[in-house]
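Structure first, commentary second.
Order of the sequence lines sets the chain letters (A, B, ...), proteins ahead of strands, with each chain counted from 1.
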Amino acid sequence: MLRITCPYCGARDHSEFLYGGDATLVRPEPGCDDMEVWYDFVFLRDNPRGRHREYWQHVQGCRQWLVVERDTLTHEIFSVEPARAPKKAPVLTGVAAK
Amino acid sequence: MGRYSIADILLKAAGGNKGWPRVWRDPAPKPEYDVIIVGAGGHGLATAYYLAKEHGIRNVAVLEKGYLGSGNTGRNTTIVRSNYMIDGNTPFYEWSLKLWEGLSHDVNFNVMLSQRGQLNIAHSNAQMDAQRRRGNVMRLHGIEAELLSREEVQEMVPHLDFSPQARFPIYGALLQRRAGTARHDAVAWGLARGADQRGVDIIQHCEVTGFLRQGERIVGVETSRGTIKAPKVGIAVAGNTGHLAAKAGLRLPIESHVLQAFVSEPVKPLLDYVIGWSAAHFYISQSDKGGMVFGGDLDGYNSYAQRGNLPLIEDVASAAKAIMPCVSRLRIVRHWGGVMDMTMDGSPIICKSPIDGLYINGGWCYGGFKATPASGWVFAHTIARDEPHELNASFTLDRFRRGYQIDEKGAGPTPNAH
């Protein structure tokens, strides 16, 4: 089991999360009509064997989207942060803080 | 090294089974070859075999970072079938099955092909319609397919859950009688022996670390055993295609994911067919040794680790119990993971790459084992003739750019959903 430390809820099993894939991709502007840009975004991946920044959504917890940096070979997790930069860092309270 | 034959077996048996020669040589790499194939799995070995046999190109090296057949060739659930529906896939997989049917004689090595039949079980009227449509497409391509009623399925596979309280009621199934299983290790060994006998050098423990360039062209590889030159380099390293292609500067429409497979303790004959389940992603058969061999979905997150995780084991075990309640007390004796090249449409890529001198065979998703002979056949053709065979003309890299995806499942560009 991967253990993902949600910044809002604390360390949880990865089965509580939904995987959202590569977080390094930048979505083109909605009006972008350059097909190469869209091709790049929709289909192509770096697919690294090593450190990978990826989205996970805590669907069975706070429902926040998170960016996890994880090694795809060892599954070691280096960092977990909110996908949307918060106005101030979340403060863990109660059970989650332990 | 002669041909294996009954006379040979009897003679060697009389001599206490001493004097069997080694099955393939263990040569040191030469400085230069006509073709280098990276990856001594089923696909790489089949490519080398058909390059030598069909195209007369014998100055070939197959480079393998581990030992022969140590990747996905030995990690699959050994299912062989050709019940595909989408243009491009159907004739390719049927040609593969035809090659399977002659493979043991062709390579003079028993790959233990067992055409026991595969049933795709349907659990609703809609799924029956889908199976009927698939069967009709197959028959239009000259591939036999039979739509079975619930009663016919029950007669063939009485241990499935036909009870009134079944969570997934069985409405019927699509049967392909020529489908079945093959012994995956024997496939690698037989093709290796066949290629070796025709002059191909199989070089194990030789990891490719980079590509040798002359201008834009790729003219060889850097390896853990030195530089090896060749005007044509083909990669057949599914699971690691993205990793290796990155060394050539290519980004591919591929993500690497881990897929687990399982085998139970051996039991007496219980399941005579291969079962594909349509209620969730699950497939099961019984090996010749008696173990139930089964698998399900991907773990779901990008991974190059050849090991899986626990939630998926629970998921697959519950699928097994839902379709065949009698397996609930069986112990799982082994489970393992293999790394899959998951493409953006669930179909493979076999083509010349955008870089001269580099050829790609990868993106096999779940479906690589059954494709082994045809994959080698068309890849050998592509490398030898510098143009695709008609059977892999659709499996190009630029189909994604041009909007010609071959999406059998209709899941869209979401690799972990195929």
Task: Part of B:Leu252 lying under 4.5 Å from any heavy atom of chain A - done: backbone
- [ ] Select one option (side chain, backbone, both, neither) describing which atoms of A:Leu18 are under 4.5 Å from chain B's heavy atoms.
- [x] neither
Open item on the list: Heavy-atom pairs under 4.5 Å with chain B: which of A:Pro48, A:Gly20, A:Gly21 has the most?
Closed with: A:Pro48
Task: Structural part of B:Leu244 lying under 4.5 Å from a heavy atom of chain A - done: neither
Interchain donor-acceptor contacts below 3.5 Å (chain A, chain B):
from: A:Met1; atom 1: N; to: B:Asn309; atom 2: OD1; distance (Å): 2.4
from: A:Tyr19; atom 1: OH; to: B:Asn302; atom 2: N; distance (Å): 3.4
from: A:Tyr19; atom 1: OH; to: B:Asn302; atom 2: OD1; distance (Å): 2.6
from: A:Glu36; atom 1: OE1; to: B:Arg401; atom 2: NE; distance (Å): 3.4
from: A:Glu36; atom 1: OE1; to: B:Arg401; atom 2: NH2; distance (Å): 3.1
from: A:Glu36; atom 1: OE2; to: B:Arg401; atom 2: NE; distance (Å): 2.7
from: A:Asp40; atom 1: OD2; to: B:Arg251; atom 2: NH1; distance (Å): 3.1
from: A:Arg45; atom 1: N; to: B:Leu252; atom 2: O; distance (Å): 3.1
from: A:Arg45; atom 1: NE; to: B:Glu255; atom 2: OE2; distance (Å): 3.2
from: A:Asp46; atom 1: OD1; to: B:Arg251; atom 2: NE; distance (Å): 2.8
from: A:Asn47; atom 1: O; to: B:Tyr304; atom 2: OH; distance (Å): 2.8
from: A:Asn47; atom 1: OD1; to: B:Ser256; atom 2: N; distance (Å): 2.9
from: A:Asn47; atom 1: ND2; to: B:Ser256; atom 2: OG; distance (Å): 3.1
from: A:Asn47; atom 1: ND2; to: B:Tyr304; atom 2: OH; distance (Å): 3.1
from: A:Arg49; atom 1: NH1; to: B:Asn240; atom 2: OD1; distance (Å): 2.7
from: A:Arg49; atom 1: NH2; to: B:His243; atom 2: NE2; distance (Å): 3.2
from: A:Arg70; atom 1: NH1; to: B:Asn302; atom 2: O; distance (Å): 3.4
from: A:Arg70; atom 1: NH2; to: B:Asn302; atom 2: O; distance (Å): 2.5
from: A:Thr72; atom 1: O; to: B:Tyr304; atom 2: N; distance (Å): 2.7
from: A:Thr74; atom 1: O; to: B:Arg307; atom 2: NH2; distance (Å): 3.2
from: A:His75; atom 1: NE2; to: B:Ser303; atom 2: OG; distance (Å): 2.7

